[in-house]
Visitor: 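Below is the structure I would like to discuss, written out as structure tokens.
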Amino acid sequence: MMIDIQSEIGELEGVILHTPGPEVENMTPRNAERALYSDILNLSVAQKEYAQLADLLNAVTQTYQVIDLLESVLAEPAVKTPLVLRICEAEGCLDLCDDLLALPLKTLARQLIEGVVQPRDNLTRFLSKERFCLPPLHNFFFTRDAAMAIMDEILIGRMAKPVRARESIIMEAIFNHSPRFSVNTVNPLAQKHPDATATVEGGDVLVGRQDILVIGNGSRTSTQGIDFIIERIKAQKDRKRHLLVQELPHHPESFIHLDMVFTFLDRNYCMLFEPLMLRPSKYQTIHILIENGRVTSIREEKGLIDALRRLGMDLTTVCCGGREDLWVQEREQWHSGANFFALAPGKVVGYARNVHTMEEMNKNGFDIIPAEDIIAGRKHLSELGRCAITLDGSELPRGGGGARCMTMPIRRRPVI
């Protein structure tokens, strides 16, 4: 499959998923915060809810699972040893390398994600408070962040939190070595002199149009990370690009990425968290114009919606939690009410639990369709008009992300 993402809303032709496994439960209240969770998920319920998302996507597009892709690249000896060595070096557990390399492929792939339990075979390890010598990847089912498709390239995420760094290593190996994809990868760490402060995560990167990138600058994507993207675009020289950078609060944690407060729904509709995105605030919107390998303009805009309108994207705003009650808006934004994922223009997926958001969607002409109707074949996506497809969600939202967070699209049809 050739990688091609020219928008957030083009008809979906390929997406990468990771079904949450034991790594999600392998934590305690004591280390949940370090794992970037505010609560502990019930795995059996989370898996049931995730299966609904996966079944929906399987019904409408080509899907790939991280674990299958990882196992396929580990089958290549020229890939397996360097990858395991790189992971062990990064995690400070080189003594584990030989044991990992001796494992069967399926077991190895699973342990690189689920973690390796600390053996209690000497005094130091016996007294250690750590349960794992290779920690679980608690957040990997949010496949959006560790790698992102921008046009025909894959930008490897530079994760802000060390607990997620291995996700990027795995995704880079998959895109560099899997025969299923044909793509060039770009990694901020591959520079001659990488900037340690340059971080960028996929939840902050939205492809508005072929010539428009919308990027959040907050707790997970730094200005230095955005500068890396600017330099990459400058090096291409043959493209005119607009970068719209939206500053984000670092608190509360529900503002972790731009896609938690803003997502595209259709050619002329977007979802947003109105208190942050439409009201006056100290958080700037910066418009950077790149032409012929140079930054020719950089200026502040009145706001993201106004900046998009000036570039010909006149978007009707749909408000997360409705428009009337701030408490409701905050509650539904906390549970990923703004985090929609498009299957096609005007056909998006979100959580049913955010009832006020769904009511607002309906007021704006989106039919509300339970995911089970499409999974069971009672309704077909191609026959539907503008719609919001609802997922069950009691456990998954507590992990801190929605449908966009849990999907990494790799190919969409161009929007005509």
Visitor: Could you go through Leu213 and Ile226, starting from their C-alpha distance and side-chain angles, then the distance that decides it, and tell me whether this counts as side chain to side chain contact (heavy atoms under 4.5 Å, CB included)?
Guide: CA-CA 11 Å; Leu213 278 181; Ile226 298 172; over 6 Å; no

Visitor: Quick one: pull up CZ in Arg166 and CG in Leu137 and give me the separation to the nearest 0.5 Å.
Guide: 4.0 Å

Visitor: Check whether the side chains of Ser44 and Asn42 place a donor and an acceptor atom closer than 3.5 Å, and report yes or no.
Guide: yes

Visitor: Does some side-chain heavy atom of Met171 sit less than 4.5 Å from a side-chain heavy atom of Ile154?
Guide: no

Visitor: State whether Glu360 and Arg323 are salt-bridged, where the test is any N-O pair (Lys NZ or Arg NE/NH1/NH2 against Asp/Glu carboxylate O) under 4.0 Å.
Guide: yes

Visitor: Is any side-chain N of the basic residue among Glu172 and Arg86 closer than 4.0 Å to the acidic one's carboxylate O?
Guide: yes

Visitor: Set out, in order, the CA-CA distance, both residues' side-chain angles and the distance that settles side chain to side chain contact (heavy atoms under 4.5 Å, CB included) for Asp204 and Arg220, then state yes or no.
Guide: CA-CA 8 Å; Asp204 279 318; Arg220 298 299 182 87; 4.0 Å; yes

Visitor: State the CG-NE2 distance between Leu396 and His335, to the nearest 0.5 angstrom.
Guide: 11.5 Å

Visitor: Measuring from atom CD of Glu231 to atom CD1 of Ile290, what distance do you get when rounded to the nearest 0.5 angstrom?
Guide: 8.0 Å

Visitor: Does the side chain of Leu155 reach to within under 4.5 Å of the side chain of Pro188, using non-hydrogen atoms?
Guide: yes

Visitor: If you count every heavy atom of other residues, nucleotides or ligands that lies below 6.0 Å from Arg310 atom CZ, does the total exceed 12?
Guide: no

Visitor: Are the side chains of Leu276 and Phe262 in contact, using a 4.5 Å heavy-atom criterion?
Guide: no

Visitor: Testing the 3.5 Å rule here: is there a donor-acceptor pair between the side chains of Gln246 and Thr285?
Guide: yes

Visitor: Classify the ring geometry between Phe181 and Phe175 as parallel (under 30°), tilted (30 to 60°) or perpendicular (over 60°).
Guide: tilted

Visitor: Are any non-hydrogen side-chain atoms of Tyr50 and Val24 less than 4.5 angstrom apart?
Guide: no

Visitor: Parallel, tilted or perpendicular: which describes the rings of His18 and Phe140, with under 30° parallel and over 60° perpendicular?
Guide: tilted

Visitor: Drop me the distance from Leu258's CG to Leu304's CG, to the nearest 0.5 angstrom.
Guide: 7.0 Å

Visitor: Is there a side-chain contact between Asp145 and His257 in this structure, where contact means two heavy atoms from C-beta onward sitting under 4.5 Å apart?
Guide: yes

Visitor: Output, in order, the C-alpha distance, side-chain angles, deciding distance and verdict of side chain to side chain contact (heavy atoms under 4.5 Å, CB included) for Gln118 and Phe132.
Guide: CA-CA 5 Å; Gln118 179 97 265; Phe132 293 90; 5.9 Å; no

Visitor: Would you call Asp211-Lys240 a salt bridge at under 4.0 Å N-O?
Guide: no

Visitor: Counting heavy atoms not belonging to Arg120, are there more than 12 under 6.0 Å from its CZ?
Guide: yes

Visitor: Which donor-acceptor pairs under 3.5 Å do side chains of residues 407-416 form with protein atoms, sequence neighbours excluded?
Guide:
from, atom 1, to, atom 2, distance (Å)
Thr407, OG1, Arg144, NH2, 3.4
Thr407, OG1, Ala403, O, 2.8
Thr407, OG1, Arg404, O, 3.1
Arg411, NE, Glu13, OE1, 2.9
Arg411, NH1, Met2, O, 2.9
Arg412, NH1, Gly10, O, 2.7
Arg412, NH1, Ala342, O, 2.9
Arg412, NH2, Glu8, O, 3.3
Arg412, NH2, Ala342, O, 3.1
Arg413, NE, Glu13, OE2, 2.8
Arg413, NH1, Glu11, OE1, 3.4

Visitor: Is there a side-chain contact between Ile288 and Asp227 (heavy atoms, below 4.5 Å)?
Guide: no

Visitor: Side chains of Leu53 and Glu49: does their closest heavy-atom pair fall under 4.5 Å?
Guide: no

Visitor: For Thr223 and Asn217, test the side chains for any donor-to-acceptor distance below 3.5 angstrom and give the result as yes or no.
Guide: no

Visitor: Before giving the answer on side chain to side chain contact (heavy atoms under 4.5 Å, CB included), spell out for Ile233 and Leu243 the whole-Å C-alpha distance, their side-chain angles and the decisive distance to 0.1 Å.
Guide: CA-CA 10 Å; Ile233 295 173; Leu243 266 65; 3.4 Å; yes

Visitor: Side chains of Glu274 and Thr317: donor-acceptor distance under 3.5 Å anywhere?
Guide: no

Visitor: Starting at CD of Glu301, measure out to CD of Gln284 and round the result to the nearest 0.5 Å.
Guide: 11.5 Å

Visitor: Any heavy-atom pair between the side chains of Arg267 and Ser7 that's under 4.5 Å?
Guide: no

Visitor: Please name the residue in the list Ile3, Thr185, Asn184 that meets the side-chain contact (heavy atoms from CB on, under 4.5 Å) test with Glu153.
Guide: Asn184

Visitor: Between Glu395 and Arg398, does any NZ, NE, NH1 or NH2 come within less than 4.0 Å of an OD or OE carboxylate oxygen?
Guide: yes

